[in-house]
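Everything on this sheet refers to the single structure shown next.
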Amino acid sequence: MIYIYDLILNWCRDKKYEFFEWKENDEIEYIKKIPIFKVKNFDSLFNNDIKVSKDFLNRIYNKTEVYGNKKIDKVEYACVFCDEELNKTFAIEFNDEGENLFKSIIYIYDIEDVFILGRRIDLLDLEFIILEKKEEKDIYLTREEIKKKKLLVNEIKSSYTNNNLDKLKYFYYEIFGIEIDDIDMIYDKLIDSLNNNFNYKHNVIYDVVNIPNF
C-alpha cells in the first residue's frame, strides 16, 4: 500500500471548501500518513454520497494516522483518491458501514505530491454504490457569498411577508435598475436573481441591509 505523508485536510460534510476558504474553526486535521488510491469513476466518488465494500474498509482500517495532542491518533477509515489522469484528488473518511462521512479538498501545496505518488499506483476499480446523487448548491460561490445570499433571501422573504413594498422596490431597483409596483413579481425576480445570478449588485444591497436601523 502506498501512503502520502504530512497532509493538511479540512473535513467537510456538505460543501467542500477550496483551500483558500479554509478557516481556523474548520475541522482541520494534520495527517501524519494516509493511504492513497488511483481510481476509476473519480467524479462519482467526489460528487455523491457513496458506500464502499467491507473488503475495502478492512484494507484501509487504522491505516491513517493524525497528529493528536502530544500523541499520534488513528482514523479508522480514511484515504486519498486521485483520478486516473492525475488531474484531480480529494480525501474521504468513511463510517464503519462504508458510507462517506466527510470529504476534503487537498491543500494546494500537497496536490503535486499526490500526483507524483499516483504514477506509482495501479489503477483500482473500486466497488461502491451511490447512496444519493448530490447536486452541490452554490458551487461557484465563496463561503462569504453564500452567507450574504442566505441573509438576503431571509430579508426579502421577511419583507414580502410583512408587505414592505418600499424596501422590496428599493432592492429591485438596485438589482435591475427599473421601478415596478407588482410586489409578487418583485419578490419572484429578486429570489430568482439570488439563486441564479449572485453578483456585485447583491453585495450592494447586503451592505445596505447591514446598516443599523435599516
Side-chain angles (χ1 to χ4, degrees), residues 1-19 21-108 110-111 113-115 117-141 143 146 150:
M1 186 174 294
I2 301 294
Y3 296 89
I4 185 165
Y5 293 83
D6 296 320
L7 289 184
I8 303 174
L9 299 179
N10 184 3
W11 295 117
C12 303
R13 180 64 191 96
D14 296 312
K15 185 175 176 64
K16 299 174 283 293
Y17 295 116
E18 296 289 347
F19 72 95
E21 292 193 84
W22 292 8
K23 296 183 178 180
E24 289 184 3
N25 59 349
D26 287 346
E27 191 170 343
I28 292 173
E29 278 192 322
Y30 295 87
I31 307 296
K32 182 177 185 290
K33 74 171 188 176
I34 186 170
I36 177 174
F37 299 92
K38 183 167 59 179
V39 292
K40 300 178 180 179
N41 301 319
F42 176 93
D43 289 341
S44 292
L45 287 169
F46 182 79
N47 292 323
N48 303 304
D49 281 342
I50 58 105
K51 181 178 181 179
V52 296
S53 68
K54 287 287 187 180
D55 287 341
F56 184 74
L57 286 183
N58 291 335
R59 187 172 177 179
I60 63 174
Y61 178 67
N62 274 351
K63 295 294 195 299
T64 296
E65 297 179 353
V66 301
Y67 294 103
N69 185 16
K70 298 183 179 179
K71 64 185 179 71
I72 302 298
D73 295 321
K74 291 184 181 292
V75 178
E76 287 187 326
Y77 307 108
C79 65
V80 170
F81 290 120
C82 62
D83 69 324
E84 52 190 312
E85 290 82 18
L86 300 178
N87 291 322
K88 295 177 281 190
T89 180
F90 79 110
I92 188 167
E93 182 178 346
F94 302 96
N95 63 19
D96 58 9
E97 295 297 319
E99 301 167 350
N100 60 261
L101 284 175
F102 306 103
K103 297 179 182 180
S104 174
I105 300 292
I106 303 298
Y107 193 63
I108 187 171
D110 297 322
I111 290 176
D113 292 336
V114 173
F115 294 153
L117 289 170
R119 299 187 189 109
R120 299 167 45 194
I121 303 172
D122 292 332
L123 187 64
L124 174 66
D125 190 4
L126 180 70
E127 294 183 4
F128 64 94
I129 59 174
I130 295 175
L131 299 175
E132 182 181 357
K133 289 193 173 183
K134 305 286 282 188
E135 256 186 65
E136 194 167 293
K137 296 181 179 179
D138 302 325
I139 189 169
Y140 298 112
L141 298 185
R143 295 176 84 166
I146 291 171
K150 287 180 179 178

Kindly indicate whether the side chain of Phe37, heavy atoms from C-beta on, has any atom under 4.5 Å from the side chain of Leu126. no
Within a radius of less than 6.0 Å around CG of Asp43, do more than 12 heavy atoms belonging to other residues, nucleotides or ligands occur? yes
Indicate the atoms forming the closest heavy-atom contact of Ala78 with Ile60, along with that distance. N-CD1, 3.7 Å
Measuring from Phe81:CZ to Ile36:CD1, what's the distance to the nearest 0.5 Å? 10.5 Å
Can Ile92 and Ile50 be said to form a side chain to side chain contact (heavy atoms under 4.5 Å, CB included), step by step? CA-CA 11 Å; Ile92 188 167; Ile50 58 105; 4.3 Å; yes
For the student: nearest non-hydrogen atoms of Ser104 and Trp22, plus distance: OG-CZ2, 4.4 Å
State the OG-NZ distance between Ser44 and Lys133, to the nearest 0.5 angstrom. 7.5 Å
Drop me the distance from Asn10's CG to Glu29's CD, to the nearest 0.5 angstrom. 10.0 Å
Should we count NZ of Lys40 as having more than 12 external heavy atoms under 6.0 Å? no
Do Leu9 and Ile34 come within less than 4.5 Å of each other through their side chains, counting heavy atoms only? yes
Give, for atom CD1 of Ile106 and atom OG1 of Thr89, the distance between the pair rounded to the nearest 0.5 Å. 4.5 Å
Rounded distance (nearest 0.5 Å) linking atom CG of Leu131 with atom CG of Asn100: 7.0 Å
Step by step, work out the side chain to side chain contact (heavy atoms under 4.5 Å, CB included) result for Ile28 and Ile8. CA-CA 7 Å; Ile28 292 173; Ile8 303 174; 3.7 Å; yes
If you count heavy atoms of other groups shown closer than 6.0 angstrom to OH of Tyr67, is the number above 12? yes
For residues Leu86 and Lys38, determine if any side-chain heavy atom of one lies less than 4.5 Å from a side-chain heavy atom of the other. yes
Is it the case that Asp96 and Tyr61 place a side-chain donor and acceptor less than 3.5 Å from each other? no
Do Pro35 and Thr64 have side chains that approach each other closer than 4.5 Å (heavy atoms only, starting at C-beta)? yes
Check the pair Asp55, Glu127 against side chain to side chain contact (heavy atoms under 4.5 Å, CB included), reporting the backbone distance first and the verdict last. CA-CA 10 Å; Asp55 287 341; Glu127 294 183 4; over 6 Å; no
Shortest non-hydrogen contact between Cys82 and Phe115, atoms and distance: CB-CE2, 4.4 Å
Asp83 side chain to Lys88 main-chain N or O, any donor-acceptor pair under 3.5 Å? yes
With a 4.0 Å cut-off, would you call Asp49 and Arg13 a salt bridge? yes
Is the closest side-chain heavy-atom distance between Asp26 and Arg143 below 4.5 Å? yes
In terms of relative ring orientation, are Phe90 and Phe46 parallel, tilted or perpendicular, with 30° and 60° separating the classes? perpendicular
With a 4.5 Å cut-off on side-chain heavy atoms, are Arg59 and Leu124 touching? yes
For Asn25, look at atom CG and say whether over 12 heavy atoms of other residues, nucleotides or ligands are found less than 6.0 Å away. yes
Could you walk me through whether Leu117 and Val80 satisfy the side chain to side chain contact (heavy atoms under 4.5 Å, CB included) test, starting with their C-alpha distance in whole Å, then the side-chain angles of each, then the deciding distance to 0.1 Å, before giving a yes or no? CA-CA 11 Å; Leu117 289 170; Val80 170; over 6 Å; no
Does Phe94 have its ring centroid less than 6.0 Å away from the ring centroid of Phe128? no
Separation between CD (Glu97) and NZ (Lys54), nearest 0.5 Å, reads 4.5 Å
Where does the angle between the aromatic ring planes of Tyr3 and Tyr5 fall among parallel (under 30°), tilted (30 to 60°) and perpendicular (over 60°)? tilted
